[in-house]
Colleague: 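Below: one structure in structure tokens.
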Amino acid sequence: MIDLNTLISSSENILGKLQSRGEEIPLDNIKELDSKRKNLIQESDQLRSFRNSENKRIGDSKEKPSLEHINKMRDISDKLNKINVNLIDIESQLNELLLVIPNVPLDEVLIGNDETDNKVIFTKEDVKNKKTTKPHWEIAPNLGILDMEQGVKLAGSRWYVLKGKGAILQRSLVSWMLEKHNKNGYLEIAPPFLVKEEVMVGSGNLPKFSDLLYRDIEEDLWLIPTSEVALNSLHFGEIIPHEFPLKYVSHSQCFRREKAAAGRETRGIKRVHQFEKVELFRFELPENSRDAFDEMVKEVQLLCDELGLIYRSVELCTGDLGFQSAKTIDIEVWAQGSQDWLEVSSISTCTDFQSRRTKTRYKDEGEIIYPHTLNGSALAIPRILISILENNLQDDGSVLVPKVLQKYTGFERID
RNA sequence: GGACGGAUGGCUGAGUGGUUUAAGGCGGCGGUCUUGAAAACCGUUGUGCGUUAUGCGUACCGGGGGUUCGAAUCCCUCUCCGUCCGCCA
């Protein structure tokens, strides 16, 4: 969430940056509501002040207050109630407007309209001369490790079942990644996969993107689309000790309705309703968050390196940034069979956007400060599976398991 | 799911309608004393909002609502925690 006073005091600068991501901000409306709000607060604070002192006099005096006096005081309370109802209404209108304003991009972020303006900043290996193999939706069912029909039977389109060595490979990837991150100082967290509404608001997924989320109406809980949502709220409402960075890693199921994406990339497991992901999350001092971002990008790239995958880094332009992000770099792996780059990680710094929403703060020499939050997948499992299957396919139809995973899988080859 | 008991500042713990805009204790911070430390003593102590801003005002005793001139205190409701019972991986 953007700070109201910052928005109003430096609106020109901020509006420009928000415009570069295709957002129009109803600033006049916000300013008007804010000034109404301030007037109402002043009015009610004055009335309360008077009421408090009068009531103290009544309390101190031994005599009963006169009927006239009581009536006068009752009028004041009635007036206060009316002001308060009005104030609550104004504040909720203001809040509604502020909650749907996206984060302000860092100055360094490329200006652009959409994904076509993104910039590839690093490519691990040239893919042009590689020979085409088969797509994973042919390889995996043939090997008996993926069953799309059973997924449909159980839950419908875009749900799937991993079996045998496919399921084991997934579990191995998760274990390998978690151990790597543990060694890098990330504290492993196993969070709830369903969370309260305020937690979804805290991460930025609500109120704007409810159509992307699954929800349990009975209990009023939401299924997380990524464990970023849960990790971001670990310190909800807290003033945390001045001990940074706080580094968390968590493995979770991720649930996405993918309503907006209906019809796109429907084959196989490129885009599904439930998938597993290992997520990195950090709380950082504002002055350190930029370096931390680069560090996380390197950590993700190293994983791809060790898996022997071809990958590239893509810097997102302002028009393609996620709602809560101030800067994002995507890591995409090459899928040899479907001849496609697949996004397996999105590393973002969200500056103080999320910590404001969750009221996560720390104290530095008496000053209350919002830490920066950063997140990045490391990594999203199904697309890594796709890449391994399509790139490591052998002529005999078997698939080689990456070396680093073999001690987890217990086998070197899927056949 | 049922019964009962709870929720007060960083922690502990008083407070059943008006000097409680929250006692006492612990912890934290600052000071006195000391070669230094401990002890003792003195002072201090949270968050949000507004403002004419070294200050002043206001709100906050789990959340929301109600009664009242006035609510931490009384009433309703929800949430969470504890104990016991039931159920369960």
Side-chain angles (χ1 to χ4, degrees), chain A residues 1-9 30-99 171 190-202 206-207 215-222 230 233-244 246 252-253 283 352-371:
Chain A
M1 172 132 73
I2 201 161
D3 176 53
L4 176 59
N5 291 324
T6 311
L7 175 64
I8 287 175
S9 64
I30 289 171
K31 280 183 174 168
E32 193 190 326
L33 287 168
D34 184 48
S35 94
K36 275 188 191 165
R37 168 178 162 271
K38 284 179 175 169
N39 287 337
L40 288 172
I41 286 172
Q42 282 172 41
E43 203 179 337
S44 77
D45 276 4
Q46 275 167 23
L47 283 173
R48 279 208 180 91
S49 183
F50 179 73
R51 185 175 73 177
N52 286 345
S53 59
E54 282 300 296
N55 280 331
K56 186 158 187 169
R57 282 208 306 150
I58 294 173
D60 287 344
S61 128
K62 298 286 173 235
E63 296 162 30
K64 284 222 162 187
S66 70
L67 191 61
E68 191 186 358
H69 196 183
I70 285 180
N71 282 336
K72 187 184 164 199
M73 295 304 288
R74 186 181 288 150
D75 286 347
I76 287 175
S77 285
D78 287 347
K79 202 171 172 192
L80 261 173
N81 279 338
K82 278 179 194 139
I83 291 173
N84 204 33
V85 167
N86 205 350
L87 181 61
I88 286 169
D89 178 50
I90 297 277
E91 284 187 329
S92 79
Q93 284 183 48
L94 197 52
N95 211 28
E96 253 174 57
L97 293 176
L98 290 175
L99 280 174
R171 168 160 54 84
F193 296 170
L194 280 77
V195 297
K196 296 177 185 174
E197 181 172 309
E198 64 185 17
V199 171
M200 280 295 179
V201 172
L206 287 177
R215 180 184 191 182
D216 174 10
I217 290 176
E218 289 274 304
E219 303 290 341
D220 201 19
L221 290 172
W222 299 76
S233 279
L234 283 179
H235 302 290
F236 199 105
E238 292 179 25
I239 293 178
I240 50 182
H242 194 308
E243 293 157 7
F244 293 94
L246 293 175
S252 80
Q253 302 287 347
F283 294 91
D352 61 358
F353 186 82
Q354 291 178 321
S355 56
R356 280 182 193 285
R357 291 166 88 102
T358 58
K359 299 169 194 72
T360 303
R361 292 153 294 173
Y362 68 96
K363 223 173 175 178
D364 189 12
E365 290 176 10
E367 197 187 351
I368 300 285
I369 303 175
Y370 293 93

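Numbered from 1 within each chain, the chains take letters A, B, ... in sequence-line order.
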Colleague: Pick the nucleotide of RNA chain B nearest each of A:Asn5 and A:Ile70; which residue has the one closer to the 5' end?
Modeller: A:Asn5

Colleague: Of all heavy-atom pairs between A:Tyr370 and A:Thr360, which one has the smallest distance, and what is that distance?
Modeller: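 Smallest heavy-atom distance, with atoms named: CD2-O, 3.5 Å.
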
Colleague: What does A:Ile76 touch in the nucleic acid at a heavy-atom separation under 4.0 angstrom: a base, only the sugar-phosphate, or nothing?
Modeller: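 Contact class for A:Ile76: none.
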
Colleague: With a 4.5 Å cut-off on side-chain heavy atoms, are A:Leu7 and A:Leu98 touching?
Modeller: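 Counting from C-beta outward, A:Leu98 and A:Leu7 do come under 4.5 Å.
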
Colleague: Only pairs with both distances under 3.5 Å count, Watson-Crick or wobble alike; so what is the partner of B:C11 in this structure?
Modeller: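 B:G25 - that is the nucleotide pairing with B:C11, both distances being under 3.5 Å.
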
Colleague: With rounding to whole Å, what would you report as the distance between B:A71 and B:U21 at their P atoms?
Modeller: 11 Å

Colleague: When the P atoms of B:U54 and B:G70 are compared, how many Å lie between them, rounded to an integer?
Modeller: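 34 Å, rounded to whole Å.
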
Colleague: Between the side chains of A:Asp75 and A:Lys72, is the shortest nitrogen-to-carboxylate-oxygen separation below 4.0 Å, so that they form an ion pair?
Modeller: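 No, no charged N to carboxylate O under 4.0 Å.
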
Colleague: What distance, rounded to whole Å, do you find between the two P atoms, one in B:U77 and one in B:G5?
Modeller: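 B:U77 and B:G5 have their P atoms separated by 15 Å.
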
Colleague: Using both distances under 3.5 Å as the test, list the Watson-Crick or G-U wobble partner of B:A71, or none.
Modeller: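 Paired with no nucleotide.
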
Colleague: When you compare the side chain of A:Leu194 with that of A:Glu219, does any pair of heavy atoms fall below 4.5 Å?
Modeller: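 They are not in side-chain contact.
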
Colleague: Provide the distance between the two P atoms, one in B:U19 and one in B:U73, to the nearest whole Å.
Modeller: 14 Å

Colleague: Under 4.0 Å from OP1 or OP2 of B:U51: is there any side-chain N or O of A:Gln42 that close?
Modeller: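 For A:Gln42, the contact criterion (side-chain N or O under 4.0 Å from OP1 or OP2 of B:U51) is met.
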
Colleague: Atom NE2 of A:His69 to atom C1' of B:G70: distance rounded to whole Å?
Modeller: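 Value for this atom pair: 11 Å.
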
Colleague: List the steps and the verdict of side chain to side chain contact (heavy atoms under 4.5 Å, CB included) for A:Asp220 and A:Lys196.
Modeller: CA-CA 7 Å; A:Asp220 201 19; A:Lys196 296 177 185 174; over 6 Å; no

Colleague: Using purine N1 to pyrimidine N3 plus N6-O4 or O6-N4 for Watson-Crick, or N1-O2 and O6-N3 for G-U wobble, both under 3.5 Å, which nucleotide pairs with B:A59?
Modeller: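 The base-pairing partner of B:A59, which may sit in any strand shown, is B:U47.
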
Colleague: Is a donor on one side and an acceptor on the other found under 3.5 Å between the side chain of A:Ser355 and the backbone of A:Pro371?
Modeller: yes

Colleague: Say we look at B:G28 and B:C80: how far apart would their P atoms be, to the nearest angstrom?
Modeller: 35 Å

Colleague: Taking a pair as Watson-Crick or G-U wobble with both distances under 3.5 Å, which nucleotide is matched to B:G17?
Modeller: none

Colleague: Rounded to whole Å, please give me the gap between CG in A:Asn84 and P in B:G50.
Modeller: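 Rounded to the whole Å, the gap is 15 Å.
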
Colleague: Can you measure from CD (A:Gln42) to CG (A:Leu40) and round to the nearest 0.5 angstrom?
Modeller: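 Between A:Gln42 CD and A:Leu40 CG, I get 9.5 Å after rounding to 0.5 Å.
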
Colleague: B:C78 C1' sits how many Å from A:Glu219 CD, rounded?
Modeller: 14 Å

Colleague: Nearest whole angstrom, please: distance from the C1' of B:G10 to the NE2 of A:His242.
Modeller: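 It is 18 Å, rounded to the nearest whole Å.
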
Colleague: Does this structure show an ion pair linking A:Arg51 with A:Glu54, if we count only N-O contacts that are shorter than 4.0 Å?
Modeller: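 Looking at A:Arg51 and A:Glu54, the cut-off is not met.
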
Colleague: How many whole angstroms separate atom CG of A:Leu80 from atom P of B:C69?
Modeller: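 Atom-to-atom, A:Leu80 to B:C69, this comes out as 14 Å.
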
Colleague: Using distance alone, with no hydrogens and no angle criterion, decide if A:Glu91 and A:Asn95 have a side-chain donor and acceptor under 3.5 Å apart.
Modeller: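 Judged by distance alone, the side chains do not pair up.
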
Colleague: Say you pick atom C1' in B:U79 and the same atom in B:G24; how far apart are they, in whole Å?
Modeller: 31 Å

Colleague: Near RNA chain B, which residues from residues 362-370 of chain A have a heavy atom under 4.0 Å away?
Modeller: A:Lys363, A:Ile368

Colleague: Could you please spell out the steps behind the side chain to side chain contact (heavy atoms under 4.5 Å, CB included) verdict for A:Arg357 and A:Val201?
Modeller: CA-CA 7 Å; A:Arg357 291 166 88 102; A:Val201 172; 4.2 Å; yes

Colleague: So, does A:Ser233 use its side chain to make a donor-acceptor pair with the main chain of A:Ala230 at under 3.5 Å?
Modeller: no

Colleague: Compute the ring centroids of A:Tyr362 and A:Phe283, then answer whether they are less than 6.0 Å apart.
Modeller: no

Colleague: Would you mind pulling out the nucleotide paired to B:G30, Watson-Crick or G-U wobble, both distances under 3.5 Å?
Modeller: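 Paired with B:G30, as far as the under-3.5 Å criterion goes, is B:C42.
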
Colleague: I'd like to know if A:Arg74 pairs up with A:Asp78 as an ion pair, taking the criterion as any Lys NZ or Arg NE/NH1/NH2 lying under 4.0 Å from an Asp or Glu carboxylate oxygen.
Modeller: no

Colleague: Any chance you could list the contact pattern along nucleotides 56-63 of chain B? Use B for base contacts, S for sugar-phosphate-only contacts and - for none, protein heavy atoms under 4.0 Å, 5' to 3'.
Modeller: -BSS----

Colleague: Using the P atom as the reference point in each nucleotide, state the distance between B:G9 and B:G63 in Å, no decimals.
Modeller: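 So the two P atoms sit 10 Å from each other.
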
Colleague: Only pairs with both distances under 3.5 Å count, Watson-Crick or wobble alike; so what is the partner of B:C84 in this structure?
Modeller: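 Pairing partner, where one exists within any strand: B:G2.
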
Colleague: What I'd like to find out is whether the side chain of A:Leu4 reaches to under 4.5 Å of the side chain of A:Ile30, using heavy atoms alone.
Modeller: yes

Colleague: To the nearest Å, how far apart are A:Ile83 CD1 and B:G50 P?
Modeller: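 After rounding, the gap between these two atoms is 17 Å.
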
Colleague: Suppose you measure atom P in B:C61 against the same atom in B:A7; what distance do you get, rounded to whole Å?
Modeller: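 These two P atoms come out 14 Å apart once rounded.
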
Colleague: Under 3.5 Å for both donor-acceptor distances, Watson-Crick or wobble: does B:U35 have a partner, and if so which one?
Modeller: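 Base-paired to nothing in any strand shown.
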
Colleague: If you look at every strand shown and take non-hydrogen atoms under 4.0 Å, does A:Arg57 touch a base, only sugar-phosphate, or nothing?
Modeller: nothing

Colleague: With the sugar-phosphate defined as primed atoms, P, OP1 and OP2, and the base as all remaining atoms, what B/S/- string results for nucleotides 18-23 of chain B, 5' to 3', for protein heavy atoms under 4.0 Å?
Modeller: B--B--

Colleague: Find the distance A:Leu47:CG to B:G50:P and express it as a whole number of Å.
Modeller: 18 Å

Colleague: Can you measure A:Arg356 atom CZ to B:G48 atom P for me and round it to whole angstrom units?
Modeller: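 In whole Å, B:G48 P lies 11 Å from A:Arg356 CZ.
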
